[in-house]
Amino acid sequence: LPVPSVYGEHFTGHELLNLTKIIHGNFSSLTGITNVSLTLSNASKAFVISTYTLTASSGILTAVNIYNETLLNFRRVATGAAPVHVSYYVAEFDSGIKVRRGNETLPAGTQTRSVDLVTPINVSTSFPIVSVALDTDGDKNNEEALFFTNFTNPTTLLFSRNVSFQSRAEIEWQIVEFTDNSTVQTGTTSLTGTATSTTQTINAVNLSRSFLIFYYNSTGTLSREFRYMVRGNLTSTTQITFTRQSGAANNRLDIAWFV
């Protein structure tokens with residue numbers, strides 16, 4: 001499922017960040033929109049990450065964002081016959097980060113979208129958090145919600161999918177930018193053909209204070225999850241490893257990663 005993949009338990013430089021609050025919860029919903037009440041001091045210093053499970057394959061994809069200091073919004077664009085079971089975590093800081101957010105709609109037939117951030121970010125201290133909902137059932141077209149997400153420059157956030165894109169995609173995005181001494185490494189790689197793993201060398205990190213987020217798109221996997229579901233891991237202080245179960249001759253996954 002196209003939700004952010006996170007590795008690690010502590011945020012980089014967490015002793016310099018002042019984490020003031022974590023809000024977490026669970027709910028189940030059949031409806032298109034679910035609003036959850038929040039109590040935040042400053043939404044521009046908070047972000048949300050969510051995961052979900054399902055009991056059927058239709059209408060499963062859920063997009064989430066913080067709308068303001070009192071509202072967390074979840075959206076299912078396609079409404080299935082079975083509920084989605086959602087878990088969410090909201091982290092708020094009073095110093096050390098700033099967060100900007102927004103949403104994009106990609107109509108059916110649209111492959112890419114570049115978002116003008118207007119105010120530049122520092123790419124070496126920033127990472128995106130993205131969630132996607134589709135307007136069609138998810139059992140045959142989850143690949144259409146897989147977006148390669150990356151900063152092409154300090155004022156542009158790129159979303160790109162690599163399949164027939166017959167569904168409308170609703171994207172909710174957040175950009176977390178550290179304002180303390182934390183840094184973010186970023187890069188891109190690919191899994192092509194029959195390859196089942198690839199590695200990326202990074203500058204040495206402290207594994208107890210680092211985490212990995214990555215996003216990818218898929219070509220030629222024909223709705224076969226074992227070809228496009230990817231696991232990413234910090235396998236050493238200087239290496240990221242991406243793995244999948246199987247590949248195929250016309251297969252390609254393009255991956256953007258942030259540590």
Side-chain angles (χ1 to χ4, degrees), residues 1-26 38 40-53 64-66 72 86-101 121-131 148-151 157 173-191 196-216 229-245 253 255-259:
L1 298 176
V3 297
S5 302
V6 180
Y7 174 85
E9 296 181 351
H10 302 285
F11 298 116
T12 303
H14 110 290
E15 73 276 9
L16 299 175
L17 302 175
N18 194 6
L19 175 64
T20 58
K21 182 181 297 184
I22 291 181
I23 302 170
H24 61 88
N26 307 278
L38 291 177
L40 298 175
S41 298
N42 187 346
S44 69
K45 294 184 180 296
F47 61 85
V48 58
I49 291 178
S50 67
T51 61
Y52 50 91
T53 61
V64 58
N65 216 335
I66 297 171
L72 182 63
V86 179
S87 296
Y88 62 88
Y89 291 84
V90 177
E92 183 180 17
F93 299 75
D94 69 5
S95 63
I97 70 167
K98 56 184 178 181
V99 182
R100 67 181 78 181
R101 53 181 47 88
I121 62 165
N122 185 340
V123 175
S124 66
T125 62
S126 302
F127 65 93
I129 300 174
V130 176
S131 58
F148 175 94
T149 303
N150 201 12
F151 301 118
L157 178 63
W173 58 266
Q174 306 165 88
I175 297 174
V176 180
E177 183 173 359
F178 292 110
T179 57
D180 67 337
N181 66 346
S182 300
T183 60
V184 177
Q185 300 181 57
T186 184
T188 62
T189 187
S190 297
L191 274 169
T196 58
S197 68
T198 187
T199 60
Q200 291 279 279
T201 299
I202 60 174
N203 296 330
V205 297
N206 183 335
L207 292 178
S208 69
R209 299 188 178 197
S210 303
F211 62 94
L212 168 67
I213 286 182
F214 64 97
Y215 301 95
Y216 60 95
M229 297 300 288
V230 178
R231 180 178 64 188
N233 207 345
L234 290 168
T235 45
S236 77
T237 59
T238 58
Q239 182 173 278
I240 309 169
T241 301
F242 297 101
T243 58
R244 60 176 172 174
Q245 184 66 32
L253 305 178
I255 303 168
W257 54 264
F258 305 82
V259 174

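On a predicted model such as this, the values are computed, not experimentally measured, just so you know.
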Do the side chains of [Y] and [X] get nearer than 4.5 Å, heavy atoms only?
{"X": "Val259", "Y": "Val205", "answer": "yes"}
{"X": "Leu38", "Y": "Val90", "answer": "yes"}
{"X": "Val99", "Y": "Ser44", "answer": "no"}
{"X": "Tyr215", "Y": "Trp257", "answer": "no"}
{"X": "Leu40", "Y": "Ile66", "answer": "yes"}
{"X": "Arg100", "Y": "Ile121", "answer": "yes"}
{"X": "Gln174", "Y": "Val48", "answer": "yes"}
{"X": "Ser87", "Y": "Tyr52", "answer": "no"}

Nearest 0.5 angstrom please: [X] [atom1] to [Y] [atom2], how far?
{"X": "Thr196", "Y": "Leu191", "atom1": "OG1", "atom2": "CG", "answer": "8.0 Å"}
{"X": "Leu72", "Y": "Tyr88", "atom1": "CG", "atom2": "OH", "answer": "6.5 Å"}
{"X": "Thr20", "Y": "Glu92", "atom1": "OG1", "atom2": "CD", "answer": "4.5 Å"}
{"X": "Phe127", "Y": "Ile97", "atom1": "CZ", "atom2": "CD1", "answer": "7.5 Å"}
{"X": "Ser190", "Y": "Ile255", "atom1": "OG", "atom2": "CD1", "answer": "7.0 Å"}
{"X": "Arg244", "Y": "Arg231", "atom1": "CZ", "atom2": "CZ", "answer": "14.0 Å"}

task = May I ask you to decide if the ring planes of Phe47 and Phe93 are parallel, tilted or perpendicular, using 30° and 60° as cut-offs?
result =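 Answer is parallel, since the angle falls under 30°.
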
For the student: nearest non-hydrogen atoms of [X] and [Y], plus distance:
{"X": "Pro128", "Y": "Ile213", "value": "O-CG2, 3.9 Å"}
{"X": "Ile175", "Y": "Ser126", "value": "CG2-CB, 4.2 Å"}
{"X": "Ser50", "Y": "Val86", "value": "CB-CG1, 4.4 Å"}
{"X": "Asn233", "Y": "Leu212", "value": "N-CD2, 3.6 Å"}
{"X": "Tyr216", "Y": "Val230", "value": "OH-N, 3.3 Å"}

Counting only N and O atoms by type, is there a donor-acceptor contact under 3.5 Å from the side chain of [X] to the main-chain atoms of [Y]?
{"X": "Ser210", "Y": "Leu207", "answer": "no"}
{"X": "Gln200", "Y": "Gly187", "answer": "no"}
{"X": "Asn65", "Y": "Trp173", "answer": "yes"}
{"X": "Glu177", "Y": "Asn122", "answer": "yes"}
{"X": "Arg101", "Y": "Val176", "answer": "no"}

query = Under the side-chain hydrogen bond (donor to acceptor under 3.5 Å, both in side chains) criterion, do Thr235 and Thr241 qualify, and how do the steps go?
reply = CA-CA 6 Å; Thr235 45; Thr241 301; 2.8 Å; yes

ask   = Around Gln245, counting heavy atoms of other residues, nucleotides and ligands shown, do more than 12 lie under 6.0 Å from its CD?
value =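 No, not enclosed.
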
ask   = Hey, is NZ on Lys21 packed in by over 12 heavy atoms from elsewhere, all under 6.0 Å?
value = yes

request  = Run the numbers on Asn203 and Thr238 for side-chain contact (heavy atoms from CB on, under 4.5 Å), then give the verdict.
outcome  = CA-CA 6 Å; Asn203 296 330; Thr238 58; over 6 Å; no

key: Close aromatic pair by centroid cut-off 6.0 Å: Phe242 and Phe214   =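 Yes: the rings meet the under 6.0 Å criterion.
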
